[in-house]
Amino acid sequence: MPEGHTIHRYARLHRELFAGERVAAWSPQGRFAAGAAMLDGTTLHGVDAHGKHLFYRFGANGRPEGEAGALALHVHLGLFGKFRQYGADPRSPTAGTRLVLSTEDAEIQLAGPTACELIDPGTEAELRGRLGPDPLRGDDPAPAFAALRRRRAAIGQALLDQRVIAGVGNVYRAELLFLLGVHPDRPACEIDRAAFDDLWHLLRRLLAAGERRGRIITIIPQDRSRPPSRLRSDERLYVYRRTGQPCRRCGTPIRSWELGGRPVFACPRCQPI
DNA sequence: GCTGCATGATGAA
DNA sequence: TCATCCTGCAGCA
């Protein structure tokens, strides 16, 4: 699940559920017990997302409240991390649940994150400084273009580097390059301004659609014979994890190989090298 | 009950 | 490039 669209969706949902509310916090698993104790009973002021990172702020009206007031809760889901969300009648958390935040009306349960920690403003600034522009925040794309132009590495590899663009993961990488007709092995530095503009705008659209729908669907409307709600899960994507299956546009078998330590997928005919 | 796998990222070598 | 960390679930015995 967790590419940029998921993270921004969580930020929005958690804001809707909890902004301005006093929350109870605890760590069923115990690994975040001390942090949860600091958050317990404080007001969740706001949530925002940058790339694949979530930042939760506590304290009424942004004013520090209690020990945790000056700190932000930083969550990174990694590959396995998940939030479960419940209303007033939550299921009891699994033993692996790192953090539970709840009010009378709602509860979220976080399991499997790579990061769940309280960080000071300096650490947060340092962390954000390592992230490239995020299409879902409406960031200026210029630094991303400059970063791509500087790299001789494959564009498929550069797209997964969060310093270049924040929020792209393995699914969006594959689907984006397919839709652009760009071979993943092509050197990043060869991209020109017009091609980059296409890439950025398409990526922003794809991520925004994923954020709204809560899943990645990149098949564009004119390619569909059925409405999106009728799509089976294996009909949402063009190339990702479709190795050996016919390209939905030209019928050529989809190829996959390793790029930057992760599997990449492409149609050899629609994405010539 | 096991095994393997997954949309991520880091640090050591 | 490799090992490592993180959890849950499908698929198999």
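All chains are named by letter (A, B, ...) in the order of the sequence lines, taking the proteins before the strands, and each is independently numbered beginning at 1.
- Cation-pi geometry between A/R128 and A/F55 is met: under 6.0 angstrom from the ring centre, within 45 degrees of the axis.
- Figure legend: cation-pi geometry between A/R249 and A/Y238, with NZ or CZ positioned under 6.0 Å from the six-membered ring centre and within 45° of its axis.
- Between A/E126 atom CD and B/dT10 atom P there is a gap of 12 Å when expressed in whole angstrom units.
- Residue A/E211 contributes atom CD, which lies 16 Å from atom C1' of B/dT7 at whole-angstrom precision.
- Whole-Å rounding puts the A/R241 CZ to B/dT7 C1' distance at 9 Å.
- Between the C1' atom of B/dA9 and the CG atom of A/L131 lies a distance of 12 Å, rounded to the nearest Å.
- The backbone N or O of A/G41 lies less than 3.5 Å from a partner atom in the side chain of A/R22, making a donor-acceptor pair.
- Sorted by residue number, the members of residues 146-162 of chain A with any non-hydrogen atom under 4.0 Å from DNA chain B read A/Q162.
- Between A/R173 and A/E3 there is no salt bridge, since none of the side-chain N atoms of the basic residue sits less than 4.0 Å from a carboxylate O of the acidic one.
- Look at NE2 on A/H74: it is 11 Å from C1' on B/dA9, rounded to the nearest Å.
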Open item on the list: I need a per-nucleotide contact map over nucleotides 6-11 of chain C, read 5' to 3'. Cutoff is protein heavy atoms under 4.0 Å; write B for the base, S for backbone only, - otherwise.
Closed with: BBSS--
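- The closest donor-acceptor contact from the side chain of A/R269 to the backbone of A/T252 lies at 3.5 Å or more, if one exists at all.
- Computed from coordinates, the A/I165 CD1 to B/dA9 C1' distance equals 18 Å when rounded to whole Å.
- The gap from the P atom of C/dG8 to that of B/dT10 amounts to 23 Å, rounded to the nearest Å.
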Without placing hydrogens or testing angles, list every side-chain donor-acceptor pair under 3.5 Å for residues 131-148 of chain A, not counting sequence neighbours.
from: A/D134; atom 1: OD1; to: A/L136; atom 2: N; distance (Å): 2.8
from: A/D134; atom 1: OD2; to: A/H8; atom 2: NE2; distance (Å): 2.7
from: A/D134; atom 1: OD2; to: A/G51; atom 2: N; distance (Å): 2.7
from: A/R137; atom 1: NE; to: A/D139; atom 2: OD1; distance (Å): 3.4
from: A/R137; atom 1: NE; to: A/D139; atom 2: OD2; distance (Å): 3.2
from: A/R137; atom 1: NH2; to: A/D139; atom 2: OD1; distance (Å): 3.3
from: A/R137; atom 1: NH2; to: A/D139; atom 2: OD2; distance (Å): 3.1
from: A/D139; atom 1: OD2; to: A/D134; atom 2: N; distance (Å): 2.8
from: A/D140; atom 1: OD1; to: A/A142; atom 2: N; distance (Å): 3.0

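- In this structure, A/D48 pairs ionically with A/R57, as a charged nitrogen and a carboxylate oxygen lie closer than 4.0 Å.
- Taking atom P in both B/dG4 and C/dA3, one finds a spacing of 16 Å when rounded to whole Å.
- Base pairing analysis places B/dA6 opposite C/dT7; the two distances defining the Watson-Crick or G-U wobble pair are each below 3.5 Å.
- Rounded to a whole Å, the CD atom of A/E3 is 9 Å from the P atom of B/dA9.
- For the OP1/OP2 pair of B/dT7 and a distance below 4.0 Å, the side-chain nitrogens and oxygens of A/Y240 include at least one atom meeting the criterion.
- Between A/R12 and A/E16, at least one side-chain N (NZ, or NE/NH1/NH2) sits under 4.0 Å from a carboxylate O, which counts as a salt bridge.
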Task: Residue pair A/Q29, A/R98: steps toward the side chain to side chain donor-acceptor pair (under 3.5 Å) verdict - done: CA-CA 5 Å; A/Q29 180 194 49; A/R98 187 79 56 88; 2.8 Å; yes
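- One interatomic measurement links the two molecules: NE2 of A/H76 to P of B/dT7, which rounds to 14 Å at whole-angstrom precision.
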